[in-house]
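This report concerns only the one structure given below.
Both backbone and side-chain heavy atoms feed into the values below; hydrogens, waters and symmetry mates do not. The structure presented is a predicted model; accordingly, all values stated were derived computationally and were not measured. Read the numbers this way: they start at 1 and go in the same order the structure lists the ligands and their atoms.
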Amino acid sequence: MTPPTRRTLLAAATGLVAAAGFGSGAGPAYARAAFPAQAGDRRPGRDWRPVAEDVRRELLHTWNAYKKFAWGHDHLLPVSGGHSEFFDDAHPVGLTIVEALDTLYLMRLDAELAEGVQWIEEHLDFAGVNAGVQVFETNIRMVGGLLSGHLATGERALLHHARRIADILMPCFERSPTGIPYRFVNPSTGEISGVTNVLAEVGTIVTEFGTLSRLTGDPRYYRAAKKAMKAVIDRRSELDLLGTAIDVETGQWVDDTATVHPPVDSFYEYVWDAWDLFGDDDFRVWYRILTKAILRHEATTIDGRLWFAQVGMDDGETVTTEQSELGSFYAGLLAQSGHRRLGDAYLASWTSVLDRYPVLPEGYDPTSGAATSAGNQLRPEYVDSCLNLWLVTGPGKPPAERYRDLAYDYYLRQKKHSRVPNGWTVIEDVTTSPVTHGDLTSGYWWSEQMKYWYLMFTDVPRFDYRNNYLSTEGNVFRGLRRR
Ligand code: DMJ
C-alpha cells in the first residue's frame with residue numbers, strides 16, 4: 001500500500017477561482033453562453049440515438065413493472081415483484097410517479113405521464129402521512145417532483161400539491177429560533193422533531209422553495225430557505241469552513257467536520273444553484289468564499305489523483321480521506337462553477353475506481369483501494385457529473401465527447417449488473433462475482449440518471465440544452481419546452 005501524499009491545491013485553486021469569472025448579471029456565464037450545437041452528436045460514425053432508445057425502453061419496461069406490482073406505492077421491488085413505502089409504511093404517496101413525471105415528459109411517454117398525473121390528482125394525500133418525514137427528502141423528491149411535473153405539463157393540480165406539501169414543511173423553519181429548520185415533521189399531527197440537523201438537509205431547499213415562490217408569487221418560501229442557509233454560513237469558521245451538523249435552536253455546531261461528502265454534499269450544490277437559478281448575488285459571494293476554503297483545505301492528492309478529504313473546520317486537519325460515492329457529484333459542481341479542470345480531475349479519480357469494481361461502491365478508501373461500503377444504491381452522482389461536465393464543455397464540441405463516452409460506459413455497467421426481469425435494482429455487494437442484488441428501484445433512478453443518460457444520447461426537443469437548471473434530484477426547473 002502506498003502511503004498517501006497530501007498537498008494542498010491552493011495554487012491551482014487560487015488561479016482557478018480567479019479565472020472562474022464570477023461576473024455580474026443574472027446567473028452564471030455558462031447559462032448565457034452561446035452553444036455551438038444542440039446535443040445530438042452528428043459526428044460521422046457515431047450515432048448515439050439507439051442508446052437513448054435503449055434508455056427509454058428500459059425506463060418504460062420498469063414503469064410497466066411498477067404498474068403491475070406497485071402502482072400508487074412509493075417504490076417498486078423488482079426482484080420480489082412487490083412494493084415498499086418511503087415515508088410511511090401505512091400510507092403510500094406514489095413517490096415513484098412523482099419522481100418520474102418530467103422524465104416521462106422528456107422521453108415523450110405522454111400516455112404514461114397522463115396516467116401518473118391522474119393518479120396524483122385522484123389519490124395523492126401527503127397530509128395523511130403519519131410518521132416523521134425528513135424535510136429535505138420531502139422537499140427534493142415530492143415538492144421538486146411536483147414542481148417540475150407542473151412545469152412540464154402546466155397542470156395546476158401539481159403546483160397545488162407542491163404548495164400544500166411545502167406548507168406542511170414551513171413550520172420547521174418558522175418555529176426555529178435560528179431559522180435553521182428542524183429535521184422532521186409529522187404531516188398528520190404537525191409534530192416537529194430533530195433539533196440536530198445536518199447541512200445537506202438544512203440547505204437543499206432553496207431551489208424548490210424559490211421556484212414555488214416564483215410560481216405562486218408568495219416570497220415566504222424563498223425567504224425561509226435563504227435565511228436557513230445564511231444562518232449556517234454566518235457560523236463558518238475562521239478558515240471559512242462549515243461543519244457537518246448543527247443544533248437548530250442554539251446554532252452551535254454539533255459535528256465540526258468539514259466535508260463535501262454526505263451529509264453535507266448538496267448544501268454546496270444549492271449555494272451555487274441559487275445563484276444560477278435566481279441570480280441572487282449573495283449566493284455567488286458565499287459560494288466563492290466557501291469553495292475557496294474547500295479547495296484550500298479539503299482538496300488532496302493521493303497517488304496522483306484528486307480527492308476531497310474530511311477536515312476539522314477550525315484547524316483544517318484531516319479527519320479521514322475516505323470517500324462517499326455521493327461525493328462524486330462534486331466533479332460536476334466544480335465544472336459548473338468555473339473549475340472545469342478540477343471537476344475533470346475529480347471525475348477521473350472516480351473513473352479510476354471502475355478499474356476495480358464493476359460499478360461504484362457506496363464508500364471507497366483511495367489510500368487502500370478498498371470499498372469501505374460495498375453496496376450500490378443505484379445512484380446517479382457519477383452520471384450527474386458526466387452530464388454537467390458535458391454541458392459545461394459544450395455539447396457538440398469534441399472535448400465534451402469524453403464525458404458522453406464515460407456516461408455510456410457506466411450505463412452499460414449499471415445495466416449489466418442491476419437489470420433484473422422486472423426492472424433495475426440496487427446492489428448489496430459490488431465486490432462479489434456476480435454482484436449480489438438487493439430488491440429496490442430507487443426513486444431517484446426515475447428522476448436522475450435515466451434522464452441524464454437520455455438527455456446526453458439524443459436531441460430532446462422538449463429540453464433547452466443552452467439554458468437549463470436541474471435540481472439535486474434531477475428535477476428540471478428551467479429549460480423545459482412545451483412542445
Ligand atoms: C438523491 O436523492 C439526490 O441526488 C440527493 O442529493 C443525494 N442522494 C440521492 C441520490 O443518491
* Going by the atom numbers of ligand 1, which of them fall below 4.0 Å from some non-hydrogen atom of Glu473? -> 1 (C), 2 (O), 3 (C)
* Structure fact -> Leu326 heavy atoms within 4.0 Å reach ligand 1 at atoms 7 (C), 8 (N), 11 (O)
* Asked: Is Arg481 close enough and on-axis enough to Phe463, meaning under 6.0 Å and within 45°, for cation-pi?
  -> no
* To do: Enumerate the atoms of ligand 1 whose separation from the nearest heavy atom of Pro380 is less than 4.0 angstrom.
  => 10 (C), 11 (O)
* Asked: For ligand 1, is there an N or O atom under 3.5 Å from any N or O atom of Thr472?
  -> yes
* **Electrostatic pair Glu174:Arg220 at N-O distance under 4.0 angstrom** => yes
* Would you mind telling me which of Phe69, Trp424, Trp71, Trp445 makes a ring pair (Phe, Tyr, Trp, His ring centres under 6.0 Å) with Trp63? => Trp71
* So, Tyr382 side chain and Thr351 main chain: donor-acceptor pair closer than 3.5 Å or not? -> no
* Asked: Counting N and O atoms only, with roles assigned by atom type, does the side chain of Arg478 sit under 3.5 Å from a partner on the main chain of Asn468, one being a donor and the other an acceptor?
  -> yes
* **atom 10 (C) of ligand 1: nearest protein contact (heavy atom, Å)** => Glu381 OE2, 3.1 Å
* Asked: For ligand 1, which atoms have a heavy atom of Glu448 less than 4.0 angstrom away?
  -> 1 (C), 3 (C), 4 (O)
* Look at atom NZ of Lys227 and say whether more than 12 heavy atoms of other residues, nucleotides or ligands are closer to it than 6.0 Å. => no
* **Atoms of ligand 1 close to Ile140 [distance to a heavy atom under 4.0 angstrom, numbered from 1]** => 2 (O)
